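Being a predicted model, the structure only gives us computed values, none of them experimental. Numbers restart at 1 for each chain; the letters A, B, ... are given by sequence-line order, proteins then strands.
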There are 2 protein chains.
Amino acid sequence: MPRSATIRTPASCTCDTGGRILLAAEQLFSEQGFDAVSVNAIAMRAGVSKANVFHHFNTKIALYLAVLLRARHDADAHLRSLECGEGTFATRLADFAGNHLARLLEQEQLSRLILRELLTIGPCRAQQLAEHVFEENFRRFVLILRAGQESGELRRDLDPAVVATILLGANVFFFEAKTLLRHFRDVGFVETAERFTDMLIDILLHGIRPTPRHSHRQPPRGSGTTRNTTAASRRDRERK
Amino acid sequence: MPRSATIRTPASCTCDTGGRILLAAEQLFSEQGFDAVSVNAIAMRAGVSKANVFHHFNTKIALYLAVLLRARHDADAHLRSLECGEGTFATRLADFAGNHLARLLEQEQLSRLILRELLTIGPCRAQQLAEHVFEENFRRFVLILRAGQESGELRRDLDPAVVATILLGANVFFFEAKTLLRHFRDVGFVETAERFTDMLIDILLHGIRPTPRHSHRQPPRGSGTTRNTTAASRRDRERK
DNA sequence: AGCCTGGCTGACCGAGCGGTCAGAATTTTG
DNA sequence: CAAAATTCTGACCGCTCGGTCAGCCAGGCT
C-alpha cells in the first residue's frame, strides 16, 4: 500500500514533499479555480513529477479537499486564538469586524477559494465543508450579538442574524470588489482596511441619518497616523 | 464568409438557433463556470451540433463574452427603467436596495456568473466588462447618496462610497450565502427578501443601538401579510 | 552482502477538450 | 425550375486532461 490513505495532518507542511504539493495547490486553486488548474501545473510549481502528486493524494479532488480542510483548520485556530470576552459590546463588535476583514485580506488566496466554492451550487464537491467553515464564525458572531442584546447595548427588536449578515457581507464585498473599487472614482477607502472597519462600525452603531453628535465633526477625512493596533485605541470616544 | 462576424444583437433570442445556443450557454456557464462547461454540453442542451455552435460563435470565449454582454444589456435596461427621482431619501434608498436584491435573485444565474468573474483576478478574460456592469450601478447609487447629503437627510461626515459598499455588500452576501444561511439555525429571514431589505434599511438609518423609538416595538417577528409592493407601503412611519 | 520498503519518476493510456472541414440539407434568389 | 447562399452536421485533428504502471533509487535491516 504505497499510497498514503490517511489524510495528511494539516500541520508540518512546508518542508516535506506533501506540504510543497499542498502549498502549490492552494496557490493555484485559489488563483484560477478547481477546473482551470491541471495536476501537471501543481506538480511543476511544487517541483515534483505529476505521478508524485498522485502518490501523495489519490485523486485531484482529494488534493482539493485537503486544501480546503487546511483552510478551515487555520481559520478556526486563528479566530479561536483571539477569543475575546472582555470589553464593551462596541469594542467587541469592532474587534470582530476588524479581525475578520484582516484575515480575509491576509489569507487572500484561501478566501477566494472558499468564496468561489460558495458560488458553485448543488450538493457537489465540498459545499458542506465550506458550510462548516462559515457556520463556526457565524455562530460565534451571533453569540456576541445576543450578549449585546441581553446587556442592553443592542436593540432587542433586531434579528441578530441580519446584523451578522450585514457586517460579514460588508467585509466580504469589500474583499471581493476591492480590485474593482480601486478603479472607481468616489472611492478612497480601499487601501486602508482599518478606516473601512471604523466607518462600518460607526454606521452600524449610529445609523446614517444626521444626529447632533455627528453634525459638527466634519473633517475626519485626513489620514492621520491612526494605525498599528487593530481596534484598541480607536474607541476612545463613545462608550456606553 | 459563413461565420457571423458581427456580435449577435442581444434582443431576438429565444426562437432562432443562435438564441437557443446563447440561452443554453448562459445557463450552463452560470451553473458551473467557464472552464467546467464544454461546448459539446452547450450544443446538446441547445439541441444542435457542436459544429453549429462554432458556426454562430467563432470561439468558446466569444460565446462567453456574448453571454456577459447580454447580461449587462439586460441589467442596464432594467435598472434604467425604474430610474426614480421622487420620494424622500429613505424611500429612494429602500427602493434601490429592494430592487437591487430582487434583480440579483431573479437573475440568479447571471448574478453568479458575474460574481464568479469578480473572483478571477488578473487582466484575463472580461474583467473590464464586469467592471462596467458594477460601475454603472455604483455611480448611480453614490449619486442618490450625495443628494441625500445635500438635502440633509444623510450625515455629511460619511463617505458615500462606504455606505454604498455596505448596502451592496449586504445584498450580494445575502445572495451568495443564502443556500448556506438556510441551513443555519438562528436564521429565519432567508426566504423573504423583502424582510431582509426592511431590516437592512432600518439598521442603516437608525443604527443598531437602542433608542427610545425602538425600545417599545418588540415583536415584529410575526410574518404578516406585508408583501407584493416592493417598498411603497412600508415607509408609513418615520419620514423626515 | 542481499533484500526489502517507500518515495519518486518517465512513459503511457483512454477520454474529452476546443476547433476544423467537406459536404448534406435547407432556404433564398434568379 | 436551377443556381447560389446559408444553415447545419458527422467525422476528424491535435492536444491536454486525470490517472496508471513498471521500475529506479536511496536507506534501513538482518
Side-chain angles (χ1 to χ4, degrees), chain A residues 1-9 12-29 31-68 113 120 124-126, chain B residues 1-9 12-29 31-68 113 120 124-126:
Chain A
M1 189 211 291
R3 299 277 177 82
S4 66
T6 67
I7 286 186
R8 201 153 272 270
T9 159
S12 80
C13 48
T14 45
C15 48
D16 57 324
T17 307
R20 287 213 319 276
I21 295 173
L22 212 52
L23 189 65
E26 172 189 316
Q27 294 171 352
L28 289 173
F29 279 148
E31 283 169 8
Q32 306 166 238
F34 179 81
D35 301 288
V37 173
S38 70
V39 178
N40 223 332
I42 296 172
M44 279 173 54
R45 175 171 290 211
V48 300
S49 68
K50 187 176 77 163
N52 198 6
V53 173
F54 285 102
H55 172 71
H56 285 275
F57 304 90
N58 292 13
T59 65
K60 182 187 181 183
I61 201 166
L63 173 56
Y64 187 67
L65 286 179
V67 170
L68 286 184
L113 190 66
T120 300
C124 65
R125 286 217 284 262
Chain B
M1 189 211 291
R3 300 277 178 82
S4 65
T6 68
I7 286 187
R8 202 153 272 267
T9 158
S12 82
C13 48
T14 46
C15 48
D16 58 323
T17 307
R20 287 212 320 276
I21 295 173
L22 212 52
L23 189 65
E26 172 189 317
Q27 295 171 351
L28 289 173
F29 278 148
E31 283 170 9
Q32 305 167 239
F34 180 81
D35 301 288
V37 173
S38 70
V39 178
N40 222 333
I42 296 172
M44 280 174 54
R45 175 173 291 213
V48 300
S49 68
K50 186 177 77 166
N52 199 4
V53 173
F54 286 102
H55 171 71
H56 285 275
F57 304 90
N58 291 15
T59 66
K60 181 187 180 184
I61 201 166
L63 173 57
Y64 187 68
L65 285 179
V67 170
L68 286 183
L113 191 65
T120 301
C124 65
R125 287 216 286 259

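- If you take CG of B:Asn58 and C1' of C:dG18, they are 13 Å apart, rounded to a whole angstrom.
- Within the 3.5 Å criterion, the main-chain N or O of A:Ser38 finds no donor-acceptor partner in the side chain of A:Lys50.
- Going from atom CG of B:Asn52 over to atom P of C:dG23 covers 19 Å, rounded to whole Å.
- Here the straight-line distance linking atom CD1 of A:Ile21 with atom CD of A:Glu26 works out to 14.0 Å at 0.5 Å rounding.
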Tell me, with the steps shown, if B:Leu113 and B:Tyr64 meet side chain to side chain contact (heavy atoms under 4.5 Å, CB included). CA-CA 10 Å; B:Leu113 191 65; B:Tyr64 187 68; 3.9 Å; yes

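- Close to D:dC8, at under 4.0 Å from its OP1 or OP2, lies no side-chain N or O of B:His55.
- At whole-Å resolution of the value, CG in A:Asp16 and C1' in C:dC8 are 14 Å apart.
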If you apply the rule side chain to side chain contact (heavy atoms under 4.5 Å, CB included), what do you find for A:Phe29 with A:Ile42, and how did you get there? CA-CA 9 Å; A:Phe29 279 148; A:Ile42 296 172; 3.9 Å; yes

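- With D:dG10, C:dG19, C:dT9 as the candidates, the nucleotide lying closest to the side chain of B:Thr59 is C:dG19.
- Taking atom CZ of residue A:Phe54 and atom P of nucleotide C:dG7, one finds them 17 Å apart after rounding to whole Å.
- Rounded to whole angstrom, the span from the NE2 atom of A:His56 across to the C1' atom of D:dG19 amounts to 16 Å.
- A:Lys60 and A:Val37 get closest at one heavy-atom pair: NZ-O, 2.7 Å.
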Taking only nitrogen or oxygen atoms into account, show me every contact under 3.5 Å that the protein makes with nucleotides 11-17 of chain D, one pair per line with its distance.
residue	atom	partner	partner atom	Å
D:dC17	OP1	A:Ser38	OG	3.3

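- With rounding to whole Å, B:Ile61 atom CD1 is found 18 Å from C:dC17 atom P.
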Would A:Phe57 and A:Leu65 count as a side chain to side chain contact (heavy atoms under 4.5 Å, CB included) if you check the C-alpha gap in whole Å, the side-chain angles of each, and the deciding distance to 0.1 Å? CA-CA 10 Å; A:Phe57 304 90; A:Leu65 286 179; over 6 Å; no

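- Remark: P of D:dG10 and CE of B:Met44 are 13 Å apart, rounded to the nearest angstrom.
- Side chains of A:Glu31 and A:Leu28 form a contact here, defined as non-hydrogen atoms less than 4.5 Å apart.
- In terms of phosphate contacts, B:Thr17 brings no side-chain nitrogen or oxygen within less than 4.0 Å of OP1 or OP2 of D:dT7.
- Atom P of nucleotide C:dG7 and atom CD1 of A:Ile21 are separated by 11 Å, given to the nearest angstrom.
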